[in-house]
Student: 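First, the structure itself, so that you have it in front of you.
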Amino acid sequence: MDPQIIIARRVAKELRQGNLVNLGIGIPTLVANYVPSDLKVFFQSENGLIGTGPIPEQGMAHPLLTDAGGRPISALPGASIFDSAMSFGLIRGGHVDITVLGGLQVDAHGLLANWMIPGKMVPGMGGAMDLVSGAKRVIVAMQHAAKGKSKIVSKCTLPLTSARPVNLVVTDMAVIGFPDGKATLLETAPGISIGEVLAVTEAELAIPDTVPEMKI
Amino acid sequence: MDPQIIIARRVAKELRQGNLVNLGIGIPTLVANYVPSDLKVFFQSENGLIGTGPIPEQGMAHPLLTDAGGRPISALPGASIFDSAMSFGLIRGGHVDITVLGGLQVDAHGLLANWMIPGKMVPGMGGAMDLVSGAKRVIVAMQHAAKGKSKIVSKCTLPLTSARPVNLVVTDMAVIGFPDGKATLLETAPGISIGEVLAVTEAELAIPDTVPEMKI
Amino acid sequence: MKAVSVEEAVAMIPSGASVMVGGFMAVGTPERLLDELVRQNKTGLSLICNDAATPGKGVGKLFDATLVSKLTATHIGLNPKAQQQMLGNQISVDLVPQGTFVERIRAGGCGLGGVLTPTGVGTLVAEGKRQIEVDGKPFLLETAIRAQFALIHAFLADYLGNLAYALTARNFNPIMAMAADTVIVVAEHIVPVGVIAPDHVVTPAPLVDYIIANG
Amino acid sequence: MKAVSVEEAVAMIPSGASVMVGGFMAVGTPERLLDELVRQNKTGLSLICNDAATPGKGVGKLFDATLVSKLTATHIGLNPKAQQQMLGNQISVDLVPQGTFVERIRAGGCGLGGVLTPTGVGTLVAEGKRQIEVDGKPFLLETAIRAQFALIHAFLADYLGNLAYALTARNFNPIMAMAADTVIVVAEHIVPVGVIAPDHVVTPAPLVDYIIANG
């Protein structure tokens with residue numbers, strides 16, 4: 001299975017009935033494809049919409065209905081529109097149950113860096129800092145390693161997104177949580193051993209007595 | 001002429017085309033009756049309406065359309081509705097061109113007290129403090145004296161409504177402004193002499209060379 | 001969102017709870033919830049409401065039944081019972097400028113640490129509060145307000161919990177609907193999903209916990 | 001409110017002006033005003049806009065024509081020209097978290113002294129800023145933002161200047177319409193007074209100074 005799909009399917013299992021969910025760009029966007037049809041969740045697009053639906057059929061797109069990347073989306077029945085102050089009031093005020101974001105680095109204490117590589121990539125933080133500071137649960141969805149380098153690090157070398165630790169990291173190799181503020185291996189991806197995870201993880205990982213395989 | 005009507009008619013002359021105006025309860029409310037029909041102004045009711053109209057005809061009132069005192073009002077074509085945060089954003093943000101309020105005391109520097117008589121009347125300030133702090137121009141519409149006591153005082157003995165001085169005071173005897181922060185007699189009411197004004201005014205009043213009679 | 005009876009909804013509110021109630025002089029107030037608070041005799045309430053309404057109307061009913069022990073409001077001048085209870089020290093009253101009142105609730109609902117307002121500087125309202133200078137101008141630091149419960153009046157609610165308001169009954173309702181742990185709504189009309197156009201929804205469904213069912 | 005031609009409107013904006021522009025990735029942006037800013041070659045602009053859009057679209061046109069000298073935004077990653085101009089020090093860029101960005105503009109429009117936000121605490125964003133503790137929790141004091149001009153896109157405008165927005169083109173427009181000395185609006189449709197129901201007006205008429213006339 002495609003690593004991105006493994007991640008997206010596993011993250012989708014974290015969603016609960018009635019949750020308000022914000023999905024970042026990239027792998028997080030894929031999560032919407034794997035929500036069981038009997039689970040009703042609300043997806044927020046931070047440019048001002050709750051109730052985002054799939055990409056509209058050809059010829060049905062409206063130029064004034066887009067996602068945060070400016071791409072055409074649809075709105076489900078029961079959708080609502082609001083201005084940006086309200087959108088970030090929802091985010092900062094803890095009304096978003098789950099935010100799923102991409103990451104550049106997550107460290108052993110759950111701190112996330114995902115908005116800047118000094119001197120190289122300075123796109124701006126957009127809504128990421130508010131989402132990590134404000135959402136009830138923060139889930140990072142990312143590849144475990146990039147170019148052979150672990151993205152789960154002892155300490156972030158890139159600028160932090162927030163002083164608030166994330167709740168869960170889901171990669172193509174593992175699910176990592178932070179009980180008592182310490183990176184802990186909660187699950188391994190199908191066919192991946194604990195040893196394989198440890199081999200490509202820079203951060204020290206606590207290993208509980210049982211580490212089940214991801215159910216996706 | 002009724003003293004209240006003198007005041008209301010004179011205040012109405014301060015309104016300019018397109019102004020957003022907030023009228024307090026009491027004498028200020030009467031001002032709306034004396035706006036020339038060719039002058040288009042917007043009246044705000046701070047409970048969430050711009051475009052307040054007259055009291056509706058009998059049988060046409062709606063229980064969900066009221067003024068800040070809870071009394072039925074009407075809405076003119078082009079009216080708009082908003083929540084209380086927006087209403088006071090308009091007020092505090094300087095978008096209200098003129099607020100007209102009642103007063104208990106105005107002092108020689110233009111400071112207003114109008115919300116509390118300690119130990120006696122403690123109704124709360126409602127929107128008065130925001131209106132005086134935020135509106136572009138603050139006009140106090142009140143009787144010059146109450147029970148023979150001047151309401152234009154040297155220094156307010158009652159708790160202040162704001163540290164920001166008002167712009168104009170219109171009473172049944174005079175119009176008083178505060179050029180250079182000093183109470184100044186700008187106009188006298190019809191048939192009232194400067195001497196009569198001074199006789200019932202506790203505050204020291206600057207008297208310009210010419211003090212015209214109010215045009216109402 | 002869950003549809004519940006008014007009895008069930010009020011049964012969730014313990015005596016002594018902090019309760020925000022929408023409305024301005026009882027306009028835009030969820031009367032059915034207030035009647036039921038009185039019937040279930042929920043005492044010692046910390047009430048957060050713009051005003052005390054008038055006896056027999058809106059939150060005025062809570063003062064009639066002496067259910068309030070603490071009040072945060074902007075104006076209580078039109079309810080003599082609330083005034084008597086304040087002067088008799090039966091209730092403690094915190095009077096707040098109206099713009100500050102709504103902005104503090106908004107801060108509570110939007111995750112802000114408080115409000116920096118020019119309103120109240122140099123008045124009694126400033127007593128005991130921090131004053132912060134920004135670019136040489138003084139502002140009061142007014143803290144955020146939240147409550148355990150928000151009792152909301154809406155004109156339309158759909159089956160998901162989206163709300164729209166009518167006329168001046170909107171007032172504090174959409175702001176309070178963001179600032180409480182549990183949000184309970186009385187709507188004049190409950191309508192199918194889609195009846196409220198997305199552009200006309202004022203309170204998005206995920207903010208609403210309970211809607212009082214018809215009948 | 002006054003109806004003016006797009007040429008007249010832009011003629012009022014001097015080179016070097018501070019200009020807020022509504023829109024999110026060019027959705028909800030008043031394109032006609034941007035085209036005219038380019039045509040009249042207004043240089044040295046201080047631009048306040050959520051993002052830099054993409055070349056050829058929305059405020060992206062201002063970067064194509066190198067009219068911007070200072071940018072306050074939350075994200076410019078999808079406009080390589082804006083990035084190049086930033087890295088080449090042709091423009092100074094202040095990158096702001098999006099929730100902070102909109103709240104600072106709201107503070108500017110609503111007469112608040114600034115914003116107390118948890119966002120950015122403990123990050124690069126906190127550098128050089130005051131940190132204020134409230135009830136033991138740290139918040140950044142972020143200052144209010146205003147501009148000389150706000151360029152607004154609306155869906156409907158009536159003859160008085162009341163505005164309503166459509167779908168995700170609403171975004172920053174209603175907030176910016178409160179935070180500038182002069183507010184200029186391009187509407188998709190100009191309609192008679194009364195067509196927009198009072199409950200559906202988002203920006204009340206008195207906030208609007210100019211509407212770009214049809215044709």
Side-chain angles (χ1 to χ4, degrees), chain C residues 28 97-100 102-104 106-121 126 129-146 154-156 163-171 173-175 178 188-189 196-204, chain D residues 28 97-100 102-104 106-121 126 129-146 154-156 163-171 173-175 178 188-189 196-204:
Chain C
Q98 200 166 126
T100 302
V102 68
E103 204 64 28
R104 288 174 68 188
R106 184 179 179 276
C110 293
L112 298 169
V115 180
L116 297 173
T117 180
T119 303
V121 168
K129 287 176 187 155
R130 272 193 277 178
Q131 193 165 302
I132 308 264
E133 296 235 335
V134 184
D135 294 334
K137 283 188 212 133
F139 298 93
L140 294 187
L141 195 169
E142 297 270 12
T143 54
I145 299 180
R146 287 185 59 87
F155 190 65
L156 301 179
L163 306 182
Y165 305 89
L167 300 165
T168 54
R170 185 184 308 203
N171 57 64
N173 284 296
I175 311 299
M178 296 187 74
E188 306 247 336
H189 304 278
I196 314 173
D199 283 329
H200 299 160
V201 172
V202 175
T203 297
Chain D
Q98 200 165 125
T100 302
V102 68
E103 204 63 29
R104 288 174 69 188
R106 183 178 179 276
C110 292
L112 297 169
V115 180
L116 297 173
T117 180
T119 303
V121 169
K129 288 176 188 155
R130 272 194 277 179
Q131 193 165 302
I132 307 263
E133 295 235 335
V134 184
D135 295 334
K137 282 187 215 135
F139 298 91
L140 294 188
L141 196 168
E142 297 270 13
T143 54
I145 300 180
R146 287 185 59 87
F155 190 64
L156 301 179
L163 306 182
Y165 304 90
L167 300 166
T168 54
R170 185 183 308 202
N171 57 66
N173 284 295
I175 312 299
M178 297 187 73
E188 305 247 337
H189 304 279
I196 313 175
D199 283 330
H200 299 161
V201 171
V202 176
T203 297

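Lettering of chains follows the sequences in order, A, B, ..., and the numbering in each one begins at 1.
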Student: At a heavy-atom separation under 4.5 Å, does C/A166 approach chain D through its side chain, its backbone, both, or neither?
Tutor: both
Student: Would you please name every residue forming a salt bridge (Lys or Arg N to Asp or Glu O under 4.0 Å) with C/K129, sequence neighbours left out?
Tutor: C/E142
Student: Quick one: salt bridge (Lys or Arg N to Asp or Glu O under 4.0 Å) partners of D/R106, sequence neighbours excluded?
Tutor: C/E103, D/E103
Student: Considering only heavy atoms and a distance below 4.5 Å, find which of C/K137, C/H200, C/E133 pairs most often with chain D.
Tutor: C/H200
Student: Pick one of side chain, backbone, both or neither for C/F155, based on which atoms fall under 4.5 Å of a heavy atom in chain D.
Tutor: neither
Student: Testing C/T117, C/V121, C/V134 one by one against C/F139 for a side chain to side chain contact (heavy atoms under 4.5 Å, CB included), which residue passes?
Tutor: C/V134
Student: If only atom types and distance count, is the side chain of C/N173 paired as donor or acceptor with the main-chain N or O of C/Y165 below 3.5 Å?
Tutor: no
Student: For chain C, which of D/T143, D/L140, D/L167 has the most heavy-atom pairs under 4.5 Å?
Tutor: D/L167
